[in-house]
Amino acid sequence: MIFPQFREICEQHCPNHSIGNADTASNLVEFPVKSNCSHMRASTFFLSTLKEAPAEAEVVSHQLMLRAGLIKRLAGGIYTWMPMGLRVVRKVEAIVREEMNRAGAVELLMPSVQPAELWQESGRWQKYGPELLRIKDRHDRAFCIGPTHEEVITDVARRDLRSYRQLPMHFYQIQTKFRDEIRPRFGVMRGREFVMKDGYSFHASYEDLQHEYMKMHETYSRIFTRLGLRFRAVSADTGSIGGTGSHEFHVLAESGEDAIAYCPSSDYAANIELAEAIPTSDRPGPGKETITERATPGKTKCQEVAEYLGLPLQLLVKSIAIVRESNDAGTSPEFALVLLRGDHDLNEIKASRVMGPFRFASDEEINTNMSCKPGYIGPARAGAIPIFADRSVMAMRDFACGANKVGFHFTGVNWGTGDLPDISADRIADFRNVKSGDPSPDGRGILEIVRGIEVGHIFQLRTQYSQMMKATFLDKNGVAQPFEMGCYGIGITRIVGAAIEQGHDDRGIVFPAAIAPFTIALVPVGYHKSDAVRSAADSMYRELEQCGFDVILDDRDERPGVMFADMELLGIPHRITIGERGLKQQIVEYQSRPDREPRHLPVQDAVGELRSILC
RNA sequence: CGGGGUGUAGCGCAGCCUGGUAGCGCGCCUGGUUUGGGACCAGGAUGUCGUAGGUUCAAAUCCUAUCACCCCGACCA
C-alpha cells in the first residue's frame with residue numbers, strides 16, 4: 001500500500017527526488033520521505049540562532065556556538081549537540097575514523113559504565129580522585145562512568161589476545177566520556193561529558209610499540225592537517241617513562257589553556273610544564289653590598305617592590321610559602337619556602353617532583369611559622385625554615401627579598417653569609433616555568449611561548465596496565481609476557497571548540513571547509529516571490545548536490561540580511577546568492593566566508609566554477 | 001574546598017537600596033506594508049520573580065536556609 005501523502009510531502013520538500021521508484025508498494029522502504037533525503041533546505045532543517053550570546057559564555061568559541069545554535073547547555077559542562085552542531089562533530093569523527101582505519105587500527109565500542117572491580121585491579125579506584133564519577137546500581141554494586149578505557153581494553157586484550165601471532169593489535173573507539181571536572185568551563189572545550197576517540201595498541205615488544213607510536217604521530221599530524229587546523233605536536237615527556245614517551249597535539253590559539261614552549265630555529269617544542277629552564281650563569285662572586293632593611297609600606301608584589309625600590313625585577317627574590325604534605329613514609333607536614341627570581345613563575349609539576357606533594361601555605365600558617373604576613377616574607381634571617389631555591393636564584397647577588405617584617409624588605413642580600421647561609425644541593429633545582437627568551441633545552445636557539453588547546457595526546461603506556469591486570473600473551477617460546485601498550489586520544493568535541501577559537505571574525509564562525517556543517521550556502525533573494533529566482537535556485541541546488549557538495553538551500557521566507565547573517569554566523573565557507581537583479585544579467589554572486597567582496601559568476605558556469613574553486 | 005557575584009518571559013537586561021502584586025529590547029503569534037545586509041506599522045501571547053521557610057495588612061523587593069550557574073585562588077597577570 002502506498003501512502004500518497006508521503007509523495008506529496010516529499011515533492012514539497014525535495015525538489016530533486018525522483019518519484020518514479022516509489023510507484024510500487026515494495027519500494028516503500030526506500031520511499032524518499034523527508035528523513036531519507038540527504039539534501040537540506042533551511043525551512044525544514046533546524047536553525048536556532050541568537051543575536052545576543054547567553055551570559056554564561058566566557059570565551060568566543062563558546063559564545064559563538066551558543067549563538068549559532070550548535071549546542072545547548074543542559075547542566076554544568078554538559079551539552080546537547082543540536083542538529084547543526086552534530087553535523088560538525090560527525091565530520092570531525094569521519095576524518096578521524098578514516099585516518100585511524102587507514103593506519104590499521106580497528107574500531108570497537110566499549111561501555112561507558114564500568115564495574116569498580118576493574119578499576120580496583122589497576123589500582124585507579126583509589127588513585128583517581130573525585131573526577132571519577134562513581135555510581136551504584138540497585139544491587140549496591142559499584143560502577144563508574146568511564147573517563148577513559150585502559151582497564152576495559154586491557155580486559156578485552158587479556159581475554160582475546162593470547163598469542164604473539166595476534167600482535168600487534170590496535171583497537172580504538174569514538175565514545176562519550178565523563179570526567180567530573182572541578183570547574184567545567186569554556187563550553188565544549190572543558191566540559192564534563194565529551195566525545196573522545198581513544199585507541200589502545202598491544203605489542204609483543206617495546207620496539208614494535210615504538211613503531212606504532214611513530215605511526216600514530218604521523219597519523220595525528222595527517223588528521224589535524226586534514227581538519228584544517230594550525231597545530232603543533234609538542235613533547236610532553238613525563239621523564240618517568242623516558243625516550244619518546246608522550247606527545248601532545250595542540251591547536252594554536254590565544255585563549256588556549258596550555259602554554260607551549262618552542263624553538264623557532266629547531267624542532268624543539270614542549271609543554272611549558274615540562275620544558276627545562278637552562279641555568280644561564282654559575283654561582284656569582286661575593287656580593288658588593290651589605291644587607292639593608294628598607295621600608296616598603298604596602299608593597300607586597302614583586303613588581304611593586306621593584307618599582308618602589310628602583311630595582312630591576314630580576315634583582316628580587318620571591319618567596320612562596322608551601323607546606324609539604326605528609327607521605328606514606330609517615331613524615332609530618334613541613335612548612336618551607338620556595339625561592340624564585342622576581343620575574344619567574346613557579347612550576348608546580350617540577351616542584352612536586354623535587355619535594356613531593358605540597359600545597360600553598362595559608363596566611364595563618366605563614367604567621368605561625370614566620371610571624372609575618374605574605375608579601376614580606378623572605379629567606380634571609382628566616383631562622384630554621386627549610387628553603388628550596390630555583391637554580392637562577394643561586395646565581396643572584398646583592399638581591400632584594402622580604403625582611404620577615406610587615407612593611408619591610410631587605411636589599412643587598414647575598415648567599416653564603418650569616419644572614420643567608422648556603423643551602424644543600426638537593427634543595428636547588430629547576431622550579432620555574434621557562435619564559436620567552438630563555439635558551440632552548442636542545443641548545444639550538446631561543447624559546448618562544450605560544451598558547452594552545454590540547455586536542456590530542458599519544459602515550460607509551462608500556463606494561464603498566466598489563467602487569468597490574470595480568471594481561472599476557474604467549475611469546476615464541478611459549479612464555480607468558482605482559483603486553484607492551486600504547487594509548488592515543490583525540491578530543492573530538494573539543495576540536496569543534498578549538499577550531500572556532502582559531503577561526504572566527506566579527507560576523508561569527510569561520511569553519512575550516514573540512515568540518516563546516518555545510519560547504520555551500522545557497523541564498524536566494526526573493527525565493528517566495530520570484531519564479532525565476534526559485535527555479536534558478538532549485539536547479540542549482542540540484543546540480544550542486546549531484547556534484548556531491550554539502551549544500552544548504554536557505555528557502556526561508558526571510559529578508560536577505562537575516563539569511564546572510566545566519567549563514568555567516570554558522571561559518572559556512574561558500575555562499576551563492578541568487579537574485580532577480582543578477583538573473584536578468586545571467587549572473588549569480590559567489591562569496592567565500594572570510595571575504596567581504598562578492599564575485600560575479602555567469603549562471604550557466606556557476607556550478608563548474610564552484611567545482612574548480614572547491615575541488 | 002575557600003572567597004566573590006548572579007538567579008525576574010526563549011535570549012539580553014531594568015525594577016530590589018526606599019515593600020503596595022512586574023517592565024524594556026530582541027525573539028515569538030496575527031494582520032498589513034515591505035523585500036540585496038539582522039525592516040516598519042498596528043494588535044497579541046508568554047513569568048508560580050531559582051526553591052523553601054520567615055517578617056508584614058502586603059514581599060521580586062527585607063530576613064534565614066537551600067539549590068543552580070558564573071568568576072577568582074601563589075610576592076601569577
Side-chain angles (χ1 to χ4, degrees), chain A residues 47-59 62-63 66-67 69 72-78 129-130 182-187 259 272 296 298-308 313 316-323 337-348 351 358-366 370 372-379 400-404 406 409 431-433 435 451 507-508 523-530 533 554 556-569 575 577-584 587-589 591 596 598:
Chain A
L47 266 73
S48 76
T49 55
L50 254 26
K51 275 191 199 168
E52 289 173 288
E56 72 202 55
E58 192 195 349
V59 292
H62 190 192
Q63 291 168 351
L66 256 10
R67 278 230 289 142
K72 301 277 182 197
R73 195 186 73 91
L74 212 218
I78 300 178
I182 321 162
R183 222 180 111 195
R185 51 181 152 176
F186 309 142
I272 197 163
T296 49
K299 309 295 175 191
T300 60
K301 306 207 171 202
C302 279
Q303 188 71 48
E304 296 167 355
V305 173
E307 278 167 22
Y308 187 79
L313 194 52
L316 262 78
V317 163
K318 67 171 81 167
S319 310
I320 300 169
I322 57 109
V323 176
L337 289 185
V338 181
L339 306 184
L340 292 172
R341 208 168 77 182
D343 59 329
H344 289 158
D345 293 330
L346 179 66
N347 179 314
E348 295 180 35
F358 71 93
R359 60 182 169 78
F360 296 106
S362 65
D363 290 7
E364 252 172 59
E365 286 167 321
I366 291 172
M370 308 196 71
C372 187
K373 285 186 182 171
Y376 302 103
I377 57 176
C401 64
N404 297 317
V406 173
H409 282 77
F431 281 114
R432 70 178 179 94
N433 282 331
K435 52 186 279 189
R451 300 203 71 84
R507 290 183 176 178
V523 179
V525 176
Y527 187 84
H528 296 266
K529 292 282 152 51
S530 157
V533 169
D554 198 342
R556 293 175 298 169
D557 192 5
E558 286 287 356
R559 322 191 100 233
V562 172
M563 297 191 280
F564 294 154
D566 278 348
M567 294 304 128
E568 280 162 350
L569 174 61
R575 184 175 87 211
T577 309
I578 300 174
E580 221 159 18
R581 214 166 63 191
L583 287 179
K584 284 192 181 128
I587 55 162
V588 296
E589 280 167 36
Q591 192 172 317
R596 300 277 152 112

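In what follows, chains are A, B, ... by sequence order, proteins preceding strands, each numbered from 1.
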Visitor: Give the rounded distance in Å between these two atoms: CG of A/Asp566 and C1' of B/G36.
Guide: 16 Å
Visitor: I need the CE-P distance between A/Met567 and B/G36, as an integer number of Å.
Guide: 18 Å
Visitor: Only counting residues at least two apart or in another chain, list the ones meeting ring pair (Phe, Tyr, Trp, His ring centres under 6.0 Å) with A/His62.
Guide: A/Tyr79
Visitor: For the C1' atoms, the ones on B/U61 and on B/A22, what distance do you get once it is rounded to whole angstrom?
Guide: 11 Å
Visitor: Please state the C1' separation for the pair B/U48 and B/G43 - nearest whole angstrom.
Guide: 28 Å
Visitor: Take atom C1' in B/C75 and the same atom in B/C71, then report the distance between them in whole Å.
Guide: 23 Å
Visitor: Nearest-Å distance, NE2 (A/His409) to P (B/C75)?
Guide: 11 Å
Visitor: Answer whether the closest heavy-atom distance between the side chains of A/His409 and A/Leu316 falls below 4.5 Å.
Guide: no
Visitor: Can you name the atoms? Protein N/O to nucleotides 66-71 of chain B N/O, anything below 3.5 Å, with the distance.
Guide:
from, atom 1, to, atom 2, distance (Å)
B/C69, OP1, A/Gly76, N, 3.3
B/C71, OP1, A/Glu58, OE1, 2.6

Visitor: So A/Arg556, base contact, sugar-phosphate only, or nothing? Heavy-atom distance under 4.0 Å.
Guide: nothing
Visitor: So among A/Arg559, A/Arg556, A/Lys51, which one has a salt bridge (charged side-chain N to carboxylate O under 4.0 Å, His left out) with A/Asp566?
Guide: A/Arg556
Visitor: For a quick check, tell me whether the side chain of A/Glu52 and the base of B/G25 share a donor-acceptor pair closer than 3.5 Å.
Guide: yes
Visitor: Applying the Watson-Crick and G-U wobble criteria at under 3.5 Å, what pairs with B/G36? Answer none if nothing qualifies.
Guide: none
Visitor: Just to verify, which of A/Asn433, A/Asn347, A/Ile320, A/Asp345 counts as forming a side chain to side chain contact (heavy atoms under 4.5 Å, CB included) with A/Leu340?
Guide: A/Ile320
Visitor: Tell me which nucleotide, if any, is Watson-Crick or G-U wobble paired with B/G2 when both distances must be under 3.5 Å.
Guide: B/C72
Visitor: Going by purine N1 to pyrimidine N3 plus the second Watson-Crick contact, or the G-U wobble pair, all under 3.5 Å, which nucleotide sits opposite B/A59?
Guide: none
Visitor: Taking atom C1' in both B/U30 and B/C67, what distance in whole Å separates the two?
Guide: 40 Å
Visitor: What does B/G25 pair with, Watson-Crick or G-U, if both distances are under 3.5 Å?
Guide: B/C11
Visitor: Protein-nucleotides 7-10 of chain B N/O pairs closer than 3.5 Å?
Guide:
none

Visitor: Quick one: does any side-chain atom of A/Gln591 pair with a main-chain N or O of A/Arg575 as donor and acceptor, under 3.5 Å?
Guide: no
Visitor: What is the distance, to the nearest angstrom, from the NE2 atom on A/His344 to the P atom on B/A77?
Guide: 14 Å
Visitor: Would you mind classifying the nucleic acid contact of A/Arg596 as base, sugar-phosphate or nothing, using non-hydrogen atoms under 4.0 angstrom?
Guide: nothing
Visitor: Can you list the steps and then say if A/Val533 with A/Leu583 is a side-chain contact (heavy atoms from CB on, under 4.5 Å)?
Guide: CA-CA 8 Å; A/Val533 169; A/Leu583 287 179; 4.0 Å; yes
Visitor: Taking the nucleotide of RNA chain B with the closest heavy atom to each, which residue, A/Arg575 or A/Leu346, is nearer the 5' end?
Guide: A/Arg575
Visitor: Please check if the side chain of A/Lys299 supplies one atom and the backbone of A/Ala306 the other of a donor-acceptor pair under 3.5 Å.
Guide: no
Visitor: In whole Å, what is the span from the CG atom of A/Asp557 to the C1' atom of B/U34?
Guide: 11 Å
Visitor: Do A/Arg73 and A/Glu56 sit within salt-bridge range, that is, some charged N less than 4.0 Å from a carboxylate O?
Guide: yes
Visitor: Checking A/Asp343 now: which residues fulfil side chain to side chain contact (heavy atoms under 4.5 Å, CB included) with it, not counting sequence neighbours?
Guide: A/Leu313, A/Gln314, A/Arg341, A/Lys435
Visitor: Give a yes or no answer on whether the side chain of A/His344 reaches the backbone of A/Val317 with a donor-acceptor pair at less than 3.5 Å.
Guide: no
Visitor: List the steps and the verdict of side-chain contact (heavy atoms from CB on, under 4.5 Å) for A/Glu589 and A/Ile587.
Guide: CA-CA 7 Å; A/Glu589 280 167 36; A/Ile587 55 162; 5.8 Å; no
Visitor: RNA chain B: A/Ala53 or A/Gly402, which has the more 5' nearest nucleotide?
Guide: A/Ala53
Visitor: Round to the nearest Å and state the distance from A/Glu568 atom CD to B/G36 atom C1'.
Guide: 13 Å
Visitor: Considering non-hydrogen atoms only, spot the tightest contact between A/Gly342 and A/Cys302 and give its length.
Guide: CA-SG, 4.1 Å
Visitor: Distance between the C1' atoms of B/C28 and B/C11, in whole angstroms?
Guide: 12 Å
Visitor: Provide the distance between the two C1' atoms, one in B/A60 and one in B/G15, to the nearest whole Å.
Guide: 8 Å
Visitor: Could you work out, with side-chain hydrogen bond (donor to acceptor under 3.5 Å, both in side chains) as the rule, every residue matching A/Asn404, not counting sequence neighbours?
Guide: none
Visitor: Rounded off to whole Å, could you give me the CZ-to-C1' distance for the A/Arg432 and B/C75 pair?
Guide: 17 Å
Visitor: What integer number of Å spans the C1' atoms of B/U51 and B/A68?
Guide: 10 Å
Visitor: Under a 3.5 Å distance rule, please check whether A/Arg67 uses its side chain to pair with a backbone N or O of A/Thr49 as donor and acceptor.
Guide: no
Visitor: If you measure from the P atom in B/U64 to the same atom in B/C24, how many Å do you get, rounded?
Guide: 33 Å
Visitor: Are OP1 or OP2 of B/A74 and a side-chain N or O of A/Lys301 less than 4.0 angstrom apart?
Guide: no
Visitor: According to the Watson-Crick and G-U wobble definitions, with both distances under 3.5 Å, which nucleotide is paired to B/A42?
Guide: B/U30
Visitor: What pairs of nitrogen or oxygen atoms, one from the protein and one from nucleotides 39-43 of chain B, lie under 3.5 Å apart?
Guide:
from, atom 1, to, atom 2, distance (Å)
B/A39, OP2, A/Arg559, NH1, 3.4
B/A39, O4', A/Arg559, NH1, 3.4
B/A39, N9, A/Arg559, NE, 3.4
B/A39, N7, A/Arg559, NE, 3.4

Visitor: Taking pairing as Watson-Crick or G-U wobble with both contacts under 3.5 Å, can you name the mate of B/U51, or confirm there isn't one?
Guide: B/A65
Visitor: Using a heavy-atom cut-off of under 4.0 Å over every strand shown, decide if A/Ser48 touches base, sugar-phosphate, or nothing.
Guide: nothing
Visitor: Of the options B/G38, B/A77, B/G37, whose atoms approach the side-chain atoms of A/Thr49 most closely?
Guide: B/G38
Visitor: In whole angstrom, give the distance that lies between atom CG of A/Leu316 and atom P of B/A74.
Guide: 18 Å
